[in-house]
Amino acid sequence: MTTLGVNIDHIATLRQARGGHDPDPLQAAVLAELAGADGITAHLREDRRHIQDRDIYLLKQIVTTRLNMEMAPTSEMINIAVDVLPFMVTLVPEQRQEITTEGGLAVREKERDLAKAVETFRDHKILVSLFINPDINDVKASKRVGATHVELHTGYYANAAGATSIAEELGKLKDAALVATKLGLNLNAGHGLNYHNVPAVARIDGMQELNIGHAIVARASLVGMEAAVRDMTALM
Ligand code: PXP
């Protein structure tokens, strides 16, 4: 069975838009868990554009499933992660100007640094996932640096238009997944998954967990609209 990690970054994005307390990603995490999420994912970005340090520390206290901390492999973030001790870290590349994470980690170019980071996490008993493009060579490099998990970047699949390119991108995910499972890597995937494109990815052999954020938060904002308006009119 494929499990679900709910990414709550976008709840924090909405909070940061007003600079206040609402909506609180911690409350979103609790509700997601109550609804059956198998894990909570949050990305502490270098520029702190959504999730804040306070969120990560408090999430560690309240998440009763598994906390997956997404982060760039910088020394600042590594220090925070070994202090917070999440269940798992997912290492992602980070560019300040990007709207969201744009590509997978350049694992082969950074093998030595990544191996060092992985060792630090292993010393602290934190599992390590590498967010990579669905590329067989990146899967093999992830194994070489000692990662326990890979998260295949599904953004190319999600953005593909037309049956042929969708099938092509799905094929790349399946090929990368096969190599990952053969190498004994735990297999996750995420980015751009929604209510239409998720079934095919969830059915890939060996797929363990999908990390999904935007589509869930977007739907939550709409399916909750009626109740929110009703609650307001009742007070007026
Ligand atoms: N996985 C990783 C590594 C990500 O960076 C993101 C986006 O924050 C996600 C999954 C979730 O992507 P989406 O918000 O498009 O569902």
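Atoms within a ligand are numbered from 1 in the order they appear, just like the ligands themselves. For reference, positions follow the sequence shown, starting with 1.
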Which residues share a side-chain hydrogen bond (donor to acceptor under 3.5 Å, both in side chains) with T154, sequence neighbours left out | none
Which of the ligand 1 atoms, numbered from 1, are nearer than 4.0 Å to a heavy atom of N211 = 10 (C), 11 (C)
From H214, H191, E151 - option closest to atom 1 (N) of ligand 1 by heavy atom = E151
What atoms in ligand 1 come closer than 4.0 Å to a heavy atom of H10?
-> 14 (O)
Look only at interatomic distance and state if E70 has a nitrogen or oxygen under 3.5 Å from any nitrogen or oxygen of ligand 1.
-> yes
What's the spacing between E109 CD and E111 CD if we round to 0.5 Å?
-> 10.5 Å
With a cut-off of 4.0 Å, which atoms of ligand 1 are near a heavy atom of G192?
-> 12 (O), 13 (P), 15 (O), 16 (O)
Taking distance alone, with no angle check, do G213 and ligand 1 share an N/O pair under 3.5 Å?
-> yes
Contact summary for A177 and L152, nearest pair of heavy atoms | N-CD1, 3.9 Å
Just which atoms of ligand 1 are under 4.0 Å from any heavy atom in V92?
-> 3 (C)
H214: ring-ring contact (aromatic ring centres under 6.0 Å, His included) partners, not counting sequence neighbours = H10
Ligand 1-proximal atoms of H153, by part, heavy-atom distance under 4.0 Å | neither
